[in-house]
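One structure is given here, and the rest of the page talks about it.
Bear in mind that the values here come from a model prediction, so they are computed numbers and not experimental data. Order of the sequence lines fixes the chain letters, A, B, ..., with proteins taken first and strands second; residue numbering starts at 1 for each chain.
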Amino acid sequence: MTTRSKPDVPRFYLTTAIDYANGDPHLGHALEKIGADVIARYRRQCGDDVHLLIGMDEHGQKVQQTAAKEGVAPQAFTDNIALRFQAMWARLGISYDQFIRTTEPHHKTGVQALIRRIAERNPDDFYERSYTGMYCVGCEAFKQDADIVDGKCVLHTTRTLEEVEERNWFFRLSKYQGFLQNLLATNPSFIEPESRRNEILGLLAQGLDDISASRARLDWAVPFPLVLSNGETQGTYVWFDALPNYLTATGFPDAGYEQRWPADVHIIGKDITRFHVVIWPAMLEAAGLPLPKQVWAHGFVQLGGERFSKSAGVKLDLGEAIDRFGADAFRYVLLREVPFDSDGNFSWERFEERYTSDLANAFGNLASRAMAMVEKYCEGVVPAAPRPDAELDDDADVEAYHGGLSGTRGWLLHEGLAAVARMTARANEYVAATTPWAVAKDPGRVAELHQILASLIRRIAKQTVMLAPFMPHKVEAVWAQLGAPATASAWHLMELASLNPTGWRVQKGEGVFPRPVAPTLPSPTAASSAPPTS
RNA sequence: GGUCCGGUAGCUUAGUCGGUUAAAGCGCUCGACUCAUAAUCGAAGGAUCGUGGGUUCAAGUCCCACCCGGACCA
């Protein structure tokens, strides 16, 4: 629909996992979306034509059952969930370009087109097979004996297992084992980080089983386009419905989808690596379609050291987290604390510590003190002055920043933030080393003073631009106070070296990152620090 | 049950092909400074590197077993 043609601009199509429409967005969802958004904003700020896809997985028995329990039609149910997710992404400042829902008519026809295309090109790839087993509705899967205790699935002890015999369409996944092994051998960066690749290599070495592609009794689903020999039409099984969203979002099978497909990177959680690195490439190969260039599996967030789970256990209210210091600060702390290539931890205590030390004390205060001195000693106008050699020390960190965000060595967003933090610390050290307030007392050292202050403002401006993908709103407040032209996010990230603050009229206003006020933690810290009673 | 990943100072982590006193940030303690958001700068303290064996002149770094956490598969 919006097939913008910018032939000379690199396109960058990144996707996130579609979220299952069975509950509200939580911390785990947020980490992935925020990370993907940072990458998208970074690429835009590097001049790319970015397309960020986010969406919902809305089919399946669980959705149908939950909707029934609440007495609403499944579509109405998922409509509501989708709105709640979209509202949350808006609050978090997720700059998605497209929001796909698997219940959209175009997605459904796209899935069917893909399946037909596979069947046409490789008639042997879909075949009928009957199967008998214990079916767990919670898992939406047949369970083996080892997972059954007292006749119930160990993961869903409140649900009753159903003995089911059914005839399904199967996909000949086993046929693609060699293809996939070759893919990972010749293109190791197809799945990163490396630990996840090793996992898949081990899995491939064990051999692949064919997988079910359709299911009986699956009413809330895309109708599987092939009819069984007994005349039955079944519902498309979850992964054959969900995975193609990345493709149908580009318009497939309609003309023009090739302008966006293949995706540059699928951002997913480590739990669904297998589906994206085994099943999805096999499906695409079977259909004779190009594969995505990369799959990136991020880790999980633990909450206060405990496992975070949507279905059982620990929860953190996203709205509360956002309200604490604002969406931007939450984005910053989350990505600074949680390595984007492995698991990380999050707690209210760390949140506050990180916010205070990095944003309020280091960066916020740096901006504050620098602007105060420009106002005090230079009537608020940044003086012209040559760049001191000391600033060259930042170059290595700028490089490290790009290394973390460009994807060339993986998507190490936390390393990008660490690099900026080092630059901030270096600027504060520079202030201490040059003591501009002392220099200002000596009329003979005006040139020196000007150089120090201009250098400080330039460093802050540089850091502000670099932080723009992470904190898109806060950063503009700083930018405005600096008196810099246009917006921070408009500044090309490859042209940081050309930042020249000469003549900017700074206006130190309210601190953009105020220190937290006294009784801070929403969790009962007071209670836990009190002496134990009884 | 199987495969894989992780277990390093109070907290979060870095430690390349095994090799001099195991590194950093935060927190804590002390000192300095006053431009600044009771911020900043400097210094000090703090780790028998999950446990137990083994290989080696030498192991956080390799091998085996076990314990704990996690993901996936059965």
>> Quick one: does any side-chain atom of A:Gln481 pair with a main-chain N or O of A:Gly511 as donor and acceptor, under 3.5 Å?
In response: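 Such a contact is absent between A:Gln481 side chain and A:Gly511 backbone.
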Atom [atom1] of [X] to atom [atom2] of [N]: distance rounded to whole Å?
{"X": "A:Leu204", "N": "B:U3", "atom1": "CG", "atom2": "P", "answer": "17 Å"}
{"X": "A:Phe300", "N": "B:C4", "atom1": "CZ", "atom2": "P", "answer": "20 Å"}
{"X": "A:Ile279", "N": "B:C72", "atom1": "CD1", "atom2": "C1'", "answer": "12 Å"}
{"X": "A:Tyr430", "N": "B:C33", "atom1": "OH", "atom2": "C1'", "answer": "18 Å"}
{"X": "A:Leu203", "N": "B:A74", "atom1": "CG", "atom2": "P", "answer": "8 Å"}
{"X": "A:Arg274", "N": "B:C4", "atom1": "CZ", "atom2": "C1'", "answer": "14 Å"}
{"X": "A:Asp341", "N": "B:A71", "atom1": "CG", "atom2": "P", "answer": "17 Å"}
{"X": "A:Tyr355", "N": "B:G25", "atom1": "OH", "atom2": "P", "answer": "23 Å"}

Does the side chain of [X] pick up a donor-acceptor pair with the side chain of [Y] at under 3.5 Å?
{"X": "A:Ser174", "Y": "A:Asp210", "value": "yes"}
{"X": "A:Arg515", "Y": "A:Asn361", "value": "yes"}
{"X": "A:Asn182", "Y": "A:Tyr176", "value": "no"}

[N] and [M]: how far apart are their [atom1] atoms, nearest whole angstrom?
{"N": "B:C30", "M": "B:U37", "atom1": "P", "value": "25 Å"}
{"N": "B:A47", "M": "B:U13", "atom1": "C1'", "value": "14 Å"}
{"N": "B:C41", "M": "B:G25", "atom1": "P", "value": "10 Å"}
{"N": "B:G52", "M": "B:C57", "atom1": "C1'", "value": "24 Å"}
{"N": "B:A65", "M": "B:C28", "atom1": "P", "value": "44 Å"}
{"N": "B:C11", "M": "B:C4", "atom1": "C1'", "value": "27 Å"}
{"N": "B:A36", "M": "B:U48", "atom1": "C1'", "value": "44 Å"}
{"N": "B:C62", "M": "B:C17", "atom1": "C1'", "value": "12 Å"}

Is the [X] to [Y] ring centre distance short of 6.0 Å?
{"X": "A:His29", "Y": "A:Phe85", "value": "yes"}
{"X": "A:His276", "Y": "A:Tyr246", "value": "yes"}
{"X": "A:Phe325", "Y": "A:Phe330", "value": "no"}
{"X": "A:Phe126", "Y": "A:Phe170", "value": "no"}
{"X": "A:Trp411", "Y": "A:Phe340", "value": "no"}

Counting only Watson-Crick pairs (N1-N3 plus N6-O4 or O6-N4) and G-U wobbles (N1-O2, O6-N3), all under 3.5 Å, who is the partner of [N]?
{"N": "B:U29", "answer": "B:A43"}
{"N": "B:G6", "answer": "B:C68"}
{"N": "B:U34", "answer": "none"}
{"N": "B:A14", "answer": "none"}

> In chain order, what residues pass the side chain to side chain contact (heavy atoms under 4.5 Å, CB included) check against A:Asp394, with sequence neighbours excluded?
Replying inline: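 With neighbours one apart ignored, the set is A:Met423, A:Arg426, A:Arg459.
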> For nucleotides 36-47 of chain B, read 5' to 3', which letter fits each nucleotide if B means a protein heavy atom sits under 4.0 Å from the base, S means only the sugar-phosphate is that close, and - means neither?
Replying inline: BB-SSSS-----
> Going 5' to 3' along nucleotides 5-17 of chain B, which nucleotides have protein heavy atoms under 4.0 Å from the base (write B), which only from the sugar-phosphate (write S), and which from neither (write -)?
Replying inline: ------BSS----
>> For A:Thr273 and A:Asp209, find the nucleotide of RNA chain B closest to each by heavy atoms; which residue's nucleotide sits nearer the 5' end?
In response: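 Looking at the nearest nucleotide for each, A:Thr273 comes out on the 5' side.
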>> Which residue is it: A:Leu359, A:Leu334, A:Val333? I am looking for the one with a side chain to side chain contact (heavy atoms under 4.5 Å, CB included) to A:Arg354.
In response: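 One option only clears the test, and that one is A:Val333.
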